Each structure stands twice: as structure tokens, then as C-alpha cells.
Amino acid sequence: MPKYDAVVIGAGNGGLAAACRMAKGGKKTLLIERHNMPGGCASSFRRGRFEFETALHEICEWGTKENPGGCRRICDEFGLDIPWHMVPDNFRVITTASDGRTHIDATLPCTVKEFVNEMERLVPGCRKSIQDLFDLGTEFHAAGDYSLSVAGKTDPKYMQEHFPNFLRLGSYTVNRVFRAMKMPKLAQDIMNTYWGYLGVDADHLSFLQYVNMLWLYVNHGAWIPDKTSNELTTGLLECFRSMGGEVWMNCTATEILFDESKAVRGVKTTCGEVETKHILCNMNQNMVYATMCPPEVVPERMVKLGNARTYSARMFIVYMGLDRSAEELGIRDYTVFLPTSADTAKEYESGKTIATNCNQVMVCYNVVNPGFSPEGTCVVSLTSTFMDDDWANVDPDDYVETKTAFAEKLIKLFEERYGVTVTPYIEELEIATPWTMCNYVNVPQGAAYGFELKDWDNMMPRMMMMGTEFPVKGLKFVGAASIRGDGYNSAIFSGDTLAKKTLAEMKAEEA
């Protein structure tokens with residue numbers, strides 16, 4: 001039986017980062033991936049002459065070479081060097097305000113100064129609350145960096161002295177903090193736009209999670225790889241190989257093996273068994289505990305935790321290859337949020353069923369990267385999030401008809417809300433439903449976002465309780481369902497952070 005210092009299961013962003021960190025730490029590491037290519041959702045596919053991003057809209061916390069974000073610094077350490085394109089604006093939102101009457105059409109720029117100025121122009125009198133919001137983001141980001149630097153073992157006195165608002169507000173919801181800041185309601189409506197990226201309405205969304213993401217986007221901008229997510233993930237895979245890592249593609253991990261003390265001793269795969277004391281798993285914990293571990297090794301607390309958590313957003317995506325350029329079609333924006341209403345609680349509820357869901361985000365990659373598709377064409381994706389498992393109620397015999405009808409509804413709504421016509425120019429069209437994500441990424445209910453970051457189960461307690469989040473000796477989880485939640489950058493951070501924690505444990509064992 002081959003023996004490794006560590007085995008990483010799953011070559012998504014979290015698994016790739018974990019594998020690279022372990023290899024960089026000098027450990028003999030095996031990376032197992034059930035597909036023939038890395039990435040999971042961080043990948044692409046072709047239809048005709050078009051290549052489509054499976055999921056990426058953009059990655060934050062990247063930044064420039066001169067002012068790199070934390071995610072870029074990690075990948076630079078691994079030796080990743082690929083070209084990127086910066087998205088010029090944070091987002092555009094077209095919707096109706098929560099009062100049910102006021103029309104909102106706002107485009108928010110990068111840099112804090114420009115963002116604050118534009119919000120003040122849109123909503124006179126909101127300047128102080130928006131500036132205060134970014135000041136809190138600065139403090140929260142610094143607190144997060146400190147927590148990471150001590151692997152979650154924070155000093156309460158140090159936290160109180162340096163990050164008092166982090167402790168005071170970290171467990172509050174977005175809307176609760178906005179109200180306390182006396183932010184004008186229209187400004188709240190615009191600022192709540194990013195709830196769609198996090199999959200939790202602003203009445204329940206962790207303020208810490210929200211303000212951290214907002215701060216990163218505005219300070220470092222949003223970025224996309226030049227050659228789709230495949231360039232990012234295959235690049236990280238090559239970094240791993242260059243550091244001596246071993247990769248088994250087309251290989252599925254089927255069972256985690258334990259010794260008599262209930263500690264990891266290896267993993268069984270479709271390519272044979274391997275021996276290891278440390279596994280970093282880029283999979284949903286509930287799936288692993290239920291299907292890959294004997295019941296006696298899983299603490300009752302983890303079973304209860306898994307049952308108490310709520311699966312996060314499930315994706316429905318319409319991919320369109322259009323035989324006209326973005327300029328010809330009148331598409332000027334890279335990202336446009338098109339919810340029915342700025343009332344996030346209302347949108348969250350309507351997103352629970354196929355019949356009522358009308359929310360969507362439009363992305364046109366050619367606006368940022370003109371060479372993304374053949375000359376004279378463009379690629380547009382429409383993404384809608386489902387907040388419950390309504391697709392489980394679809395009869396298999398009705399599946400094609402149901403997904404086609406919902407895709408047609410999204411396209412029609414996009415044309416009405418954005419004011420452009422795309423239907424006559426569709427050359428290639430593909431549809432992904434939560435079932436697609438469930439089958440491809442192997443996540444429950446197609447919830448590629450992992451678990452909702454809300455109320456008691458948000459980023460702050462997860463980060464501060466890393467020591468108890470993974471009680472099975474030798475088994476840790478990385479990726480969307482882990483400590484940082486969903487998103488490319490969050491997955492990379494979780495993989496890197498937990499690999500560093502594993503390296504520290506190995507060092508302690510050797511001492």
C-alpha cells in the first residue's frame with residue numbers, strides 16, 4: 001500500500017490550494033480527483049465554437065502585482081503566473097426599491113473614494129454611513145488576518161483593544177447594522193445588492209461576511225482569468241506537480257479508513273488503497289460523514305451540526321453563445337444584478353420555488369475580455385439562485401420541459417429588464433440546473449455554495465472555532481462548505497489555512 005504524508009480529496013479550488021501548501025511544506029502529498037480535469041465548478045466547457053465558464057463571475061481579493069490581495073499572495077507563493085483582466089466596475093443593479101415604487105439603476109465603481117462619492121450622488125445624505133461601513137470593513141479585515149495568523153487561537157484582550165467593533169457587531173445581521181448606522185433606506189437597498197453572491201437575505205446574512213466581501217471587492221477590484229477558470233485550476237495543478245506532488249485523475253475516493261483509535265489511517269479509492277494519517281477533503285462534510293466514514297467515528301455533535309445547518313444557494317444557469325458582439329447588442333456592462341425587488345427577504349422567499357423565482361444576474365465576459373469568444377460574437381450567462389430544493393419535486397419525465405421553460409423565462413425577463421434583445425442571436429445554448437451541479441460537483445441538492453453563512457453559523461464562529469470544527473483526527477474539510485464559505489477566494493483561503501494547520505500538527509507530532 002503506497003504511503004503519503006497527506007492525501008487531498010478533490011481538485012477544486014480548496015483542494016488545489018491545500019495540495020500546493022502541503023507540497024510546498026515538503027510533505028509527500030497525493031491529490032485525488034474523480035474527473036479527468038481539475039476545478040469542479042472552477043472549469044469550463046465547449047459547445048460549438050464557444051467556451052463557457054461553468055460558474056465564475058469574478059474573483060475578489062486578487063488585486064494587482066503592486067497591490068496584491070491575500071488570494072493573489074497565496075497563489076504567488078505557489079508559483080502561479082497567468083494573465084488576468086480587471087473588471088472596471090463592482091456591479092450594476094437594476095431593480096425596484098423595497099418601497100415598491102422607486103426605480104433603481106445604479107453602477108458602483110471600484111476604490112472606496114469613488115464608491116462613496118457615487119453613493120452620495122445616488123442617495124444624498126448617505127455619505128457618512130457608507131464611509132463608516134468601509135471603515136468597519138477595514139477593521140474586520142484586519143481582525144480576520146489576525147485570527148488567521150494565530151490559527152483561530154485569538155487573545156480576547158488583544159481583540160478587545162484592537163478590534164472592538166469586530167466583537168460588538170461580528171454576529172449581527174446586515175440589516176441590523178445598517179439600521180444602527182442610520183443608513184437611508186434607499187442606500188440600504190443598493191448596498192444589499194451583494195446578498196445574491198452570498199445566498200442569504202440581509203435579515204439573516206452575517207454582517208461580517210458581507211462587509212468582508214464588499215471591502216475586498218472595492219479595495220482590490222474583481223478579476224477574471226484570461227483563459228477561463230481552467231487556466232487558474234490547471235495552473236495550480238502544475239504548481240503542485242512542480243513541487244513534487246502526485247496526482248491521480250479519474251480516481252474516486254470511496255471510503256476513509258480508520259485505526260482502532262478512530263484516527264485516519266488511509267483512504268480507499270477506485271485505484272487502490274493508500275496509507276496516510278492526514279486527509280484534506282474538498283467535499284461537503286455531510287456527504288463524507290454519511291457515505292465514506294463508519295458511523296462510530298463521527299461524533300454525535302457533528303451529526304447534529306450537519307442537520308442544523310442549511311444548504312446554501314443552488315444554481316440555475318443559462319449559457320448563451322450569441323452571434324453578435326456585445327457592442328452590437330447594446331450590452332455595456334460586465335455584471336448586472338436584475339432582482340425583481342431590492343427587498344432581499346422577499347427575493348429569498350420567492351427564490352424557493354420554480355414558479356416564483358425571477359431573480360438573476362447577467363454576466364457578459366466579452367465586456368472585460370473582448371477575445372473571450374470568436375470575433376463578432378459574445379458569451380452571456382444568466383444565473384438564478386434557488387433557496388430551497390424545489391428541483392427535487394420535478395418529475396424526471398418533466399425535467400427537460402421544466403428547465404427549458406425556466407430558461408426561456410429568464411431570457412425574456414432579462415430582455416425586458418435590461419432592454420436588449422438576444423433571442424434571435426442565440427447560436428449555442430446550454431442549461432445547468434441544481435441537478436446538473438449535484439451530478440457534476442457531487443454536492444447535496446446541487447448546493448455548490450455549501451452551507452448558508454447566517455445567524456449562529458457564520459464565518460466568525462467557524463474561523464474562531466477551527467480547533468473544534470474538525471473533531472475526527474486526521475480529517476479536515478476545505479472548499480465552499482468549510483470555514484470561509486463559498487467563493488473562489490474563500491475556497492483557496494480555506495485550503496491554504498487548513499493545510500497550514502495540518503503542517504503545524506505534523507510538526508508537533510514530530511517534536
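The shown structure was predicted, so the numbers you read here are calculated from the model rather than taken from an experiment.
- With sequence neighbours left out, Lys473 forms a side-chain hydrogen bond (donor to acceptor under 3.5 Å, both in side chains) with no residue at all.
- For the atom pair CG of Asp389 and CH2 of Trp391, the computed distance is 11.0 Å after rounding to the nearest 0.5 Å.
- Rounded to the nearest 0.5 angstrom, Met292 CE and Met287 CE are separated by 9.5 Å.
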Check the pair Tyr334, Ile224 against side chain to side chain contact (heavy atoms under 4.5 Å, CB included), reporting the backbone distance first and the verdict last.
CA-CA 11 Å; Tyr334 174 74; Ile224 61 172; 3.1 Å; yes
Before you tell me yes or no, could you show the steps for Phe386 and Phe406 under ring-ring contact (aromatic ring centres under 6.0 Å, His included), namely the whole-Å CA-CA distance, both residues' side-chain angles and the distance that decides it to 0.1 Å?
CA-CA 12 Å; Phe386 280 87; Phe406 190 76; 5.3 Å; yes
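- Applying the side-chain contact (heavy atoms from CB on, under 4.5 Å) rule to Ser490 yields the partners Arg484; only residues at least two apart in sequence or on another chain are considered.
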Check the pair Tyr319 / Phe45 against ring-ring contact (aromatic ring centres under 6.0 Å, His included), numbers first and verdict last.
CA-CA 10 Å; Tyr319 309 93; Phe45 62 92; 4.9 Å; yes
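- Nearest heavy atom pair, residue His57 against residue Ser381, reads NE2-OG, 4.4 Å.
- The only member of Thr385, Thr383, Thr344 that meets side-chain contact (heavy atoms from CB on, under 4.5 Å) when paired with Asn359 is Thr385.
- The minimum heavy-atom distance linking Ala11 with Asn282 is given by the pair C-OD1, 4.4 Å.
- For the pair Cys20 and Leu236, the tightest heavy-atom approach, listed with the atom from each and the gap, is SG-O, 3.4 Å.
- Expressed to the nearest 0.5 Å, how far CZ of Phe207 lies from CG of Leu214 amounts to 9.0 Å.
- For the 3.5 Å distance criterion, the side chains of Tyr311 and Asn286 qualify, holding a donor opposite an acceptor.
- From Leu216, atom CG reaches atom CG of Asn489 across 6.5 Å, with rounding to the nearest 0.5 Å.
- Residues Ala448 and Ala480 come closest through the heavy atom pair O-CB, 3.3 Å.
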Should Val87 and Trp223 be marked as a side chain to side chain contact (heavy atoms under 4.5 Å, CB included) after you check the CA-CA gap, both sets of side-chain angles, and the distance that decides it?
CA-CA 6 Å; Val87 179; Trp223 299 75; over 6 Å; no
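- Using a 4.0 Å cut-off between a side-chain N of Lys or Arg and a carboxylate O of Asp or Glu, Lys476 and Glu505 qualify as a salt bridge.
- Using a 4.5 Å heavy-atom cutoff, the side chains of Trp84 and Ile59 are in contact.
- In this structure the side chain of Pro294 never reaches within 4.5 angstrom of the side chain of Glu255, judged on heavy atoms.
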Taking it one step at a time, do Glu77 and Arg21 satisfy salt bridge (Lys or Arg N to Asp or Glu O under 4.0 Å)?
CA-CA 9 Å; Glu77 281 189 58; Arg21 180 58 66 187; 3.1 Å; yes
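- Separation of the His85 and Tyr365 ring centroids does not fall under the 6.0 Å cut-off.
- Of all heavy-atom pairs spanning Thr173 and Ala202, the tightest one is CB-O, 3.9 Å.
- To the nearest 0.5 angstrom, Cys293 atom SG is 11.0 Å from Met302 atom CE.
- Atom CZ of residue Arg314 and atom NZ of residue Lys352 lie 9.5 Å apart, to the nearest 0.5 angstrom.
- Side-chain N/O atoms of Tyr440 and Thr54 include no donor and acceptor closer than 3.5 Å.
- Side-chain contact between Ile256 and Val288: present, with at least one pair of heavy atoms (C-beta onward) separated by less than 4.5 Å.
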Quick one, Tyr399 with Thr433, criterion side-chain hydrogen bond (donor to acceptor under 3.5 Å, both in side chains). Give me CA distance, side-chain angles, the key distance, then yes/no.
CA-CA 10 Å; Tyr399 175 67; Thr433 73; 2.7 Å; yes
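- A salt bridge does not link Lys277 with Glu510: every distance from a Lys NZ or Arg NE/NH1/NH2 to an Asp or Glu carboxylate oxygen is 4.0 Å or more.
- Between Phe91 and Tyr217, the distance from one ring center to the other does not fall under 6.0 angstrom.
- Ring geometry, Phe337 versus Tyr194: the interplanar angle exceeds 60°, so the pair is classed perpendicular (tilted spans 30 to 60°).
- Between His220 and Trp215, the two ring planes are perpendicular [angle over 60°; tilted spans 30° to 60°].
- A distance of 6.0 Å or more separates the ring centres of Phe140 and Tyr210.
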